[in-house]
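Everything on this sheet refers to the single structure shown next.
Every number for a ligand or one of its atoms is a count from 1 in the order of the listing.
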Amino acid sequence: MEKAPGGSVKESLPGVFLYVCAVCLNFYLYLCTLKTINTVNLIIDIGNTVAKVALFEGATMVNVVYDSNESLDCLERICTEYPIDRGIVATVINLNERVSGQISKLSIPLLWLDKDTPLPVINLYETPETLGYDRMAAVVAANEQFPGRDILVIDAGTCITYEFIDSLGQYHGGNISPGLQMRFKALHQFTGRLPLVAPQGCTPTLGKDTETAMRAGVWKGIEYEISGYITAMKHKYPEVLVFLTGGDDFSFDTNVKSVIFADRFLVLKGLNRILNYNNGRI
Ligand SMILES: Nc1ncnc2c1ncn2[C@@H]1O[C@H](COP(=O)(O)OP(=O)(O)O)[C@@H](O)[C@H]1O
Ligand SMILES: CC(C)(COP(=O)(O)O)[C@@H](O)C(=O)NCCC(=O)O
Ligand SMILES: [K+]
């Protein structure tokens, strides 16, 4: 090793040692930063009709799979395709042995979302122990996109749920209404003669036969219900934003459509935010 100018090698060793430490520390910090940005999260949202399994890198959803909420067989393959770091599970049903078995096979830190999970918003719901946390996840995602805003989230799935979170980030709760399929099934199941009508088909404003009477009753009923909620919420909170999510698609007329942010993956995004919010706790 050459002599340092004006000094012995021994005298320059501490400086070299510090320099090497600084380089190593910077390189380690760089790797940590990379890892945080590229952390791969597994998001499992188990609903009453269907399970959704999504992969997120940071805040970006890179893949989503719909699977049966009674088997969840996709988990095994997904875990071989991605270097998953951690996961979160939200379920609104009691899991059968097959699904529980699929989840228990996961060899990653797993957060089970429940009433005790720390949240990035304030939960004012008075029965947190019975709350469906898919509802909470939906408002967590909406609040992340528009913090400081009053937001109504409409989630059209097995049920149609209406969630309200205010500009202070307080989740107030909301309403639970029968979903699209549930309405068609109920009309058939709880009457003597009404058929099971398919959701798709001729839907006039007023039905002119049994099939269109039922189909229009369901579709227009949902549309007027949703429009009614939006009108009522806008009356009380003039600056309220409206999100629509869930598996069922609605084609709204212009006045309703104009105030709505449609985001099919709102619950998954909210679950991802909750998982990141609990980084280091699982
Ligand atoms: N791949 C799918 N499997 C089942 N239902 C689906 C699917 N895609 C859309 N749907 C529709 O979405 C609804 C379920 O919505 P979603 O919010 O995903 O389910 P969950 O209520 O189980 O969370 C069903 O009523 C159905 O009409
Ligand atoms: C209202 C729900 C059935 C909606 O579930 P989904 O339509 O997403 O299957 C679910 O959020 C739930 O089971 N909630 C429990 C009751 C409550 O939220 O107060
Ligand atoms: K729903």
When you look for heavy atoms under 4.0 Å from ligand 2, do you find them on the side chain of [X], its backbone, both, or neither?
| X | value |
| --- | --- |
| Thr127 | neither |
| Ile176 | side chain |
| Tyr125 | side chain |

Quick one: which ligand 2 atoms are inside 4.0 Å of a heavy atom on [X]?
| X | answer |
| --- | --- |
| Cys159 | 3 (C), 7 (O) |
| Gly132 | 11 (O), 12 (C), 14 (N), 15 (C), 17 (C), 18 (O) |
| Asp134 | 4 (C), 5 (O), 6 (P), 8 (O), 10 (C), 11 (O) |

Give yes or no for whether the N/O distance cutoff of 3.5 Å, strictly under, is met between [X] and ligand 1.
| X | answer |
| --- | --- |
| Gly157 | no |
| Leu180 | no |
| Asp248 | yes |

Going by heavy atoms in the side chains, are Arg86 and Asn276 under 4.5 Å from each other?
yes
Less than 4.5 Å apart, side chain to side chain, heavy atoms only: is that true for Ile230 and Ile226?
yes
Only one of Asp150, Ile151, Leu124, Val153 passes side-chain contact (heavy atoms from CB on, under 4.5 Å) with Ile165, and that residue is Ile151
Can you list everything that forms a ring-ring contact (aromatic ring centres under 6.0 Å, His included) with His172? Sequence neighbours excluded, please.
Phe164
Contacting atoms of ligand 1, where contact means under 4.0 angstrom from a heavy atom of Thr158:
20 (P), 21 (O), 22 (O)
With heavy atoms of Gln181 as the reference, note each atom of ligand 1 found under 4.0 Å away.
25 (O), 26 (C), 27 (O)
Connected via hydrophobic side-chain network under 4.5 Å: Phe184 and Ile176
no
Polar atom proximity, Thr49 to ligand 2 (N or O, under 3.5 Å)
no
Could you pull out all residues at least two apart from Glu97 that satisfy salt bridge (Lys or Arg N to Asp or Glu O under 4.0 Å)?
none
As a check for students: among Thr158, Thr130, Asp248, identify the option with a heavy atom nearest to atom 16 (C) of ligand 2.
Thr130
Taking all atoms of both residues into account, what is the closest heavy-atom pair of Gly87 and Leu275, and its distance?
O-CD1, 3.5 Å
Part of Asn48 with heavy atoms under 4.0 Å of ligand 1, whether side chain, backbone, both or neither
backbone
